[in-house]
Structure formats: C-alpha cells, structure tokens
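I have placed the structure first, in the form of structure tokens, so that the comments after it can refer back to it.
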2 protein chains.
Amino acid sequence: MRRPTIMDIAKAAGVSKGAVSYALNGRPGVSEGTRKRILDIASDLGWAPSNPARALAAGGRVGAVGLVVDRPSRSLGIEPFFMQLVSGIETELSATGVDLLLQVTEDTDTELAVYRRWASERRVDGVVMVDLRVDDPRPAAVRGLGLPAVLLGGPGGAGDLPCLYTDDSSSVREVVRYLAALGHRHVVQVSGPEEFAHTVDRGEAFREAADRAGLAGAYSVHSDYTGEAGARTTRRLLAAAERPTALVYDNDLMAVAGLGVAAEMGVDVPSQLSIVAWDDSALCRLVRPSLTAIGRDVVGHGRQVARMLGRVLEGEPVASQESSAGELHPRGSTGPLVVSHVSAVTSE
Amino acid sequence: MRRPTIMDIAKAAGVSKGAVSYALNGRPGVSEGTRKRILDIASDLGWAPSNPARALAAGGRVGAVGLVVDRPSRSLGIEPFFMQLVSGIETELSATGVDLLLQVTEDTDTELAVYRRWASERRVDGVVMVDLRVDDPRPAAVRGLGLPAVLLGGPGGAGDLPCLYTDDSSSVREVVRYLAALGHRHVVQVSGPEEFAHTVDRGEAFREAADRAGLAGAYSVHSDYTGEAGARTTRRLLAAAERPTALVYDNDLMAVAGLGVAAEMGVDVPSQLSIVAWDDSALCRLVRPSLTAIGRDVVGHGRQVARMLGRVLEGEPVASQESSAGELHPRGSTGPLVVSHVSAVTSE
DNA sequence: CGGTTCGGCTGAACCGGTTAAGCGATCGGT
DNA sequence: ACCGATCGCTTAACCGGTTCAGCCGAACCG
C-alpha cells in the first residue's frame, strides 16, 4: 500500500540504491542488462519518483513554476486572456512534467510577497510575470530573490530579465489607418490603467498614428479593463458634445460593454459608431454586431514564454524575443461613417 | 547568499537542530526564553522552511492542492466560472500557506493521468474536483490512489467523497414559474452536454417544473457550453416552425451567443423572445439587453470547498454540504410575451 | 536525604532521492 | 605477464527538515 521507493526496487533487483538511481535516470554507471531489469521492476512496482525527495537532493528542481495574476477579481473571471495563457504555458510544461502554481492577488505588494514566499520556501523553480507596469518593482525583486523569471511584455523596464514582447505600435497604426480610411476623424482610444507599460506604449503609438493620419479629434482616455468602467467611460464619451465616431478599446471586455452602452443610448453600431477591441476572443464573435478585434495568439505566447523559462532553468542564456504582432479581424462593428447621422449630430 | 537552514540557526543559538525545530513549530520541548531567542535569530537570518524538506520528513504535507479543469479550451477562456472558483479557493488556501496547482486537460483520461502523477510523485496533498459526470470514474480513481479529494457537485455519483452540492431544482422551478407567469408556454432549455451530472439534474427538474406549470411546449436540447454551439442551437430553435418564446441556457456564454443570434435573425428580445442565463457574471450585465440570470456565489463555493478539503487533510471527518441555491436576477432579457408578435408567428 | 518526576535539551535516525568516492573485476596494450 | 584504464557496482554522505529515545539537572515528595 505504501508508495514504492528506490530502496524497494534495489532490494527486488538485488542491487544498491545508487545503482537504481543511475538506471532510472539514464546515466552511465550500470550495465544495459541491469538497467533493463531495474526499469522493469520499477514499472512493475509502479514506482514514481518522490518529488519532494528529488527537490531536496543536491540542488534539485522542484519541478514547478509559478504565475501570479494581479488584476481586480471582477474583470479577471471574464478575461479570456489568462486562461488561454495558462493553457498555453501548460501544454509546454506538461511535456517536461513541470507543474504550474497559480496565484491570484489583489495588489503588487501581495504579489511580491508571493514571490518571496515561493523563493524562500522553494516552492517553484521560476516564475512567469505578466502585466508589466511603469516603474515595475518586480523585475528587480525577483532578481534580488535569485528567482529565475521570464516576462511577458517589455522589453522596456524588464531590467535584465528575458522577455517576450509584442510591438503593438504596428497593430495600432493598422487600426488607425483602417478607421481613417473608413472616414473616421474623431477616434478615441479607451485604454487600460496608465500604470501598465503596454498601455503607455499603445497610447503613444495611437497618438502618433493619429497625428500621421491627420486625425485632429483623436485622443486617449484611461479606464481599468473592467466592464463597468468601460461602460461608464463609453457613456461619458457618447454623451459629449463632440461625439466620437470610432472607439478603440484596450480589451475585449470593455469593448463589449461599450457596445452595450451604444445600444442603450440608441447609437447605432457601425453606422454611427465603429468599435474595435483589443484581444480577440470568442466573446467578440458572439455579440451583435460582432466586434472587429485585434487578435493575438495568446496560447502561442504562453507556450513560447514557457519554453523560454524552461531554457532559463536549464541555465542557458536566453535572449528576449519579439513575438508576432496582433492581426486585425474586421467584423460587423466597424464600417464607413454614414454621413447623414454624423451631420445630424455635428451640425449647427 | 545560501538560504539559511535550521542548522545555521542552531549554530547561532548554540543549540541543536532538534531544539530549533521544536521552537519554530511552537511545540513543547524548549523553554520560552530559548524559543524567543531562536525565533529572533530565525527572523534575523530571514529563514523560511524548505518546503521539499518538510514534505519529505515523516509523513509531511507538500502544502499544495490541485485542481484539474477539463473543458474544451475554447469555452474555457471565457467562462468566468473557473477563475472565480480559483480565486475563492485561493483566498482560503493562502491563509494556511497552501498553494494551488492548476492543470487544464482535454479529456477525462488525461485528467486521471494527472491525478495519478500528482499522487505518485507526491505533488499535492489533495485535489478539488469539479464537473461531475454521469458514471464519473474520478471519485473511484482518486480513492484508489489514496488521494484526498472533495467534490464540487454531486452528491449522486460522488462515491464516498465529501462534496459541496447545490440543489438546482429549486432554481429551475423558480425560472420556469417566472417564465410561465410572464405568459410563456413554449420554453426550451439549452443545456450542457448530457454527460454532466448537473445537466441531467437540471434537465429533469426542468421537465418536471414545466409539467407542473402546464407548459406543454417545453423541452430540452443539449449543447456543449461553447458560444459557437450555443449559437448554432439557437439558430435551429428560432428557425423552427413552432418557435420557442423563451430560452433557458445552462451557462452565460451560450446565452450571450443566443442573444446574438436573436439579433441576427431579427427576433426581438424580450418582446418576442425571453432569455435566461445560468451563471451570472459581468458578461450578463454588459450585453444589451442585459441578461436575466441565475447567479451563484462561485467565489464562496470555492472558499467553502477549500475549507472542506483543508479539514479532510487534517484527517477530520467531513460531511457533504449543500450550498445555497442560485438566485434569479431578472434583467432586460425577459419580459411578458407581446401577443401581436406571437400571433403573427403561431397563427394559421 | 534518596528516589521519582518532569522540563529542557541533545543525538541520531529517518524521509527518498542524488552523487562523489572507492573498489574489485575485466580488458586492452605492450 | 604485468600495468593501467575502464566498467559496473557499492558505500556513504548529503539535501533540510521532523521526531523519538535518552540524558542531565532541578524540583518535588515522602
């Protein structure tokens, strides 16, 4: 009934613990015949290595990596992003028998405390970090802890952590040019909290692209990724004297909320208002009109970041990598400006 | 630079390893003075217990529990349910310094393999299981593995596992009576895959409640929780000769998809069609019209199930518990049947 | 005043692996 | 035929804790 140990195998095979260890780990030091016999006995006995014992032995790995998700829990549940990321990370990890520890926190201090605990208690071999912030204390902190880490985001502010980053500016430009071509001049970007580094990047890219496209009435407002805030922000924008004709949201959730508010206020999408979502997901395809969105391969990012972390844990030098830019998926929520409506609103 | 061990503390305090262990664990065997001195030194040194070492020592806990999520990855990302559950489980676990291992699998066999691996490698102390199926092999499997577990769902089919279950039938009755009172006779339930135990339960409860309310045209169809399938099912239903006037969906995602299809087909909600979603979430409040939904306290369930597992791990006997039933939140997607429309459709 | 009890601590075994060092037998080279 | 290298395995230390048996001294008791 007890779990078999290598000692049990050793006894059954009539060899020593050490020999069994060599055999099971495929290292030299035991003949092929003996190795086969040991492996057979091990599988007969249903042996599996005790992870705690392995981790304890000289510098062993604990075979687990951590991911801390620090976002308001209301928006969290609904954001497809994290589950997709987790799913991607795991498909890569499971190949090497590494587990994923997931922790949800409420703020950065708690997140840092989790890293400290994981490092000092040897709970994980390394971590994946997401949602890089402006002046983010985490890269320095994990490095101070000696905790191997890979960052999804950056590269600015990543310190010397290897990171997997996307250059959002080309996607932003694509969206802006697309909207401009549809005739939109008054385009507003509803972005996430300005503490996020990618929010800042996208904001700058947006203003630059808008300038270049000659959109005088373009600007950004900050929101917080939750549906509630997205709805509130949209309500304010649509109630303004100079109503925007196109809105670009920083995530899909706020975009759906914006769509709802437009319906609520009798603003037709897309004839009176075009909507673009960042982060494509099933959600964007389910609502009516379906949402034009910028899709990224989040699962792929998860896999790649997991691979990078794996190499870091092997001690190999890992360089930061740029991942493919997001792709624009035009759907029903964007279209040419219908002039009659616009003139009705902006005239007099 | 090396992590301090209890041996370091012992040397600094001029006592033995054993004494340090007693002091740090708050057990008798050392004087109060010595204990305080040891604790001070430990905190000076920034000591934290090595989890692998603790787990290895006589029957120690590994301080982690596992959760396997086995759902098609497309629907997974968007389902608020799991992240809320995870969030609830963690708030409870973090109080005792227990970590959560999350694994996403594609099918039940893989899920069982994960439990086997976790048990044989001693990766977790116990697991939380969700989504009980008809003839579910998991309860027997985890018990065979000697893996402590609690189940969210049941109690039928739970074997002798302690479970936290909801009696959905009262909520189903509430929904059916509500729709009947609004004048609906042709109500269809769009449920999840029939392999899920709660799907079967809800289906039976639905038919019974419909009978009792005298709804002749009520029946259930099976779908699979994804938005795509929900949309397809809805399209078929709304294209039928005898079009339903109210749809009850088994999750929020399919309900949103159904709402989209209704819009696409020019069927007005709620005047021509009422929609009810199971599992309330931000999503239900964001779309227009907002969705009437049955909300459960998923975070609370997560906390409670984590508490139950904690007690199981302590070796205490734990009885199954019934959690509060879901509450109906009426919103814009349900309303009285507007007769003119109905007669236009059902006449001749 | 001698014997028992108890508190406070030490020493060592143990958990289940990994790994360096050592050792006898075999083998190739000269 | 002898030497050194290599192979195949054993022995034992080690990782960082927990825990049990035992020991010493002080207090307590009759």
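The model shown is predicted, which means the values in this text are computed figures rather than measured ones. By convention in this document, chain letters (A, B, ...) are assigned in the order of the sequence lines, proteins followed by strands, and residues within each chain are numbered from 1.
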Under the 3.5 angstrom rule, does the side chain of B:Asp125 hit a backbone N or O of B:Gly63 as a donor-acceptor pair? yes
Could you state the atom-to-atom distance from CD1 of A:Ile9 to P of C:dT18 in whole Å? 10 Å
Exercise: do B:Gln304 and B:Gln321 side chains pair donor with acceptor under 3.5 Å: yes
Taking any heavy-atom pair under 4.0 Å as a contact, classify A:Gly33: base, sugar-phosphate, or nothing. nothing
Across the strands shown, which category fits B:Ala48 at heavy-atom distances under 4.0 angstrom: base, sugar-phosphate, nothing? sugar-phosphate
Rounded distance in Å - CG (B:Asn51) to C1' (D:dC15): 14 Å
Quick one: is B:Ser21 getting a side-chain N or O under 4.0 Å of the D:dT18 phosphate, OP1 or OP2? yes
On DNA chain C, does the nearest nucleotide to B:Gly18 precede the nearest nucleotide to A:Met7 from the 5' side, or the other way round? Give the residue. B:Gly18
Would you confirm whether A:Ser94, through its side chain, and A:Gly97, through its main-chain N or O, come within 3.5 Å as a donor-acceptor pair? no
A:Lys17, nearest nucleotide to its side chain (from D:dT18, C:dG8, C:dT18): C:dT18
Is a side-chain donor or acceptor of A:Glu90 paired with a backbone partner of B:Val104 at a separation under 3.5 angstrom? yes
Using modelled atom types and a 3.5 Å cut-off, is there a donor and acceptor pairing between side-chain atoms of A:Arg3 and backbone atoms of A:Trp47? no
Rounded to whole Å, CG of B:Leu56 lies from C1' of C:dG17 at a distance of 8 Å
Taking the side chain of A:Ser16 as its heavy atoms from C-beta onward, which of C:dT10, D:dT10, C:dG17 lies nearest to it? D:dT10
Value in whole Å for how far the C1' atom of D:dG8 lies from CZ of A:Arg37: 12 Å
Can you check the A:Asp8 CG to C:dC15 P distance for me, whole Å? 11 Å
Listed nucleotide nearest any side-chain atom of B:Val30, set C:dG17, D:dG17, C:dC9: C:dC9
Note: B:Val65 and B:Val124 closest approach over all heavy atoms is C-CG1, 3.9 Å
Which residues pass the salt bridge (Lys or Arg N to Asp or Glu O under 4.0 Å) test with B:Glu111, not counting sequence neighbours? B:Arg138
Measure from CG on B:Asn25 to P on C:dC9 and round the result to the nearest Å. 16 Å
Using rotation axes that map the C1' atoms of four end pairs onto the next four (five pairs an end), what angle separates the end axes of the helix from C:dC1-D:dG30 to C:dT30-D:dA1, to 10°? 50°
Just N and O in the side chain of A:Thr34: are any of them under 4.0 Å from OP1 or OP2 of D:dG8? no
Expressed as a whole number of angstroms, how long is the span from B:Ile38:CD1 to C:dT10:P? 8 Å
Presence of B:Ser31 side-chain N/O under 4.0 Å of C:dC9 phosphate oxygens OP1/OP2: yes
B:Asp70 side chain to B:Asp107 main-chain N or O, any donor-acceptor pair under 3.5 Å? yes
OP1 or OP2 of C:dG16 versus the side-chain N and O atoms of A:Trp47: is any pair under 4.0 Å? no
Base of D:dC7, side chain of A:Tyr22 - is there a donor-acceptor contact under 3.5 Å? no
Counting side-chain heavy atoms from CB outward, which of D:dT10, C:dG17, D:dG16 is closest to A:Val15? D:dT10
Closest of D:dG17, D:dT19, C:dT18 to the B:Arg54 side chain is D:dG17
How is A:Arg61 classified with respect to the nucleic acid when contacts are heavy atoms under 4.0 Å: base, sugar-phosphate, or nothing? nothing
Kindly write out the residues that satisfy salt bridge (Lys or Arg N to Asp or Glu O under 4.0 Å) with B:Arg296, not counting sequence neighbours, or none if the list is empty. B:Asp279
Between C:dG11 (C1') and B:Ile6 (CD1): distance, integer Å: 13 Å
By nearest-nucleotide position on DNA chain C, the 5'-leaning member of B:Arg35 and B:Arg122 is B:Arg35
Under 4.0 Å between a side-chain N or O of A:Arg27 and OP1 or OP2 of C:dT18? no
